[in-house]
Amino acid sequence: MKVIEHKTYLLDSIKKLKSIYQENKVIFIDGKRVTELLKLLGASENDIEKLRFVSDNLKKDPTLNFRESRSGRFVFNFKRNSIYRTEFQPFILSKQEDFIRHDSGKIRHFHGLSENLSDNSAFQALLKLKHLLIQNISFSP
């Protein structure tokens with residue numbers, strides 16, 4: 001396929017998926033379809049394969065002893081078509097936000113994401129896909 005055909009196919013696919021999401025307020029996208037879309041968004045086959053195993057190296061979650069996790073916040077720069085991880089920032093979840101647990105209101109510190117994830121082209125494409133699916137959609141409670 002030519003680049004223009006790829007872009008048209010990608011935009012048409014996103015438009016259809018957004019329509020389903022907006023109508024149902026939920027969407028399931030088959031893994032094969034997601035992989036196809038990620039490739040159209042710039043993911044390499046090698047990085048897609050690496051993404052399959054990224055959860056094998058998580059750190060112990062500081063708030064729940066049975067869970068492993070990492071955390072990260074990202075900036076989307078649409079003018080430069082780039083996404084990058086910001087400096088780690090601790091955060092607080094409060095009872096006012098309906099976070100009612102033993103650690104409500106406490107500062108939460110998680111291990112940050114590693115570069116092998118944040119710089120992975122498949123992960124970057126996944127963030128783009130998620131953005132494209134939810135961009136300009138709002139739901140009433």
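With a 4.5 Å cut-off on side-chain heavy atoms, L17 and L37 count as touching. In this structure, the side chains of S69 and L58 stay at 4.5 Å or more apart for every pair of heavy atoms. Annotation: side chain of L11 is not in contact with side chain of L132 (no heavy-atom distance under 4.5 Å). Side-chain contact between L126 and L41 is absent, with no heavy-atom pair separated by less than 4.5 Å. Counting only heavy atoms from C-beta outward, the side chains of L38 and L40 never approach each other to under 4.5 Å.
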field: Residue pair F123, F74: steps toward the ring-ring contact (aromatic ring centres under 6.0 Å, His included) verdict
entry: CA-CA 12 Å; F123 180 71; F74 291 83; 5.4 Å; yes
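With hydrogens and angles disregarded, a donor-acceptor distance shorter than 3.5 Å links the side chain of Q124 to the backbone of I83. Formation of a donor-acceptor pair under 3.5 Å by the K18 side chain with backbone atoms of Q135 is found in this model. At least one donor-acceptor pair under 3.5 Å links the side chain of N120 to the backbone N or O of D47. Judged purely by atom type and a 3.5 angstrom limit, T35 uses its side chain to pair as donor or acceptor with the backbone of G31. A donor-acceptor contact shorter than 3.5 Å is absent between the side chain of S104 and the backbone of K95. Judged by distance alone, with hydrogens and angles left aside, the side-chain atoms of K59 form no donor-acceptor pair with the main-chain N or O of E68 at under 3.5 Å.
Applying the salt bridge (charged side-chain N to carboxylate O under 4.0 Å, His left out) test to pairs two or more places apart or on separate chains, those with a residue in residues 74-91 are R85-E115.
Atom CD1 of I100 sits in a crowded spot, with more than 12 heavy atoms from other residues, nucleotides or ligands closer than 6.0 Å. The number of heavy-atom neighbours closer than 6.0 Å to OH of Y84, taken from other residues, nucleotides and ligands shown, is 12 or below.
A salt bridge links E49 to R52: at least one charged side-chain nitrogen sits closer than 4.0 Å to a carboxylate oxygen.
Note: F66 CZ to K60 NZ = 9.5 Å, rounded to the nearest 0.5 Å.
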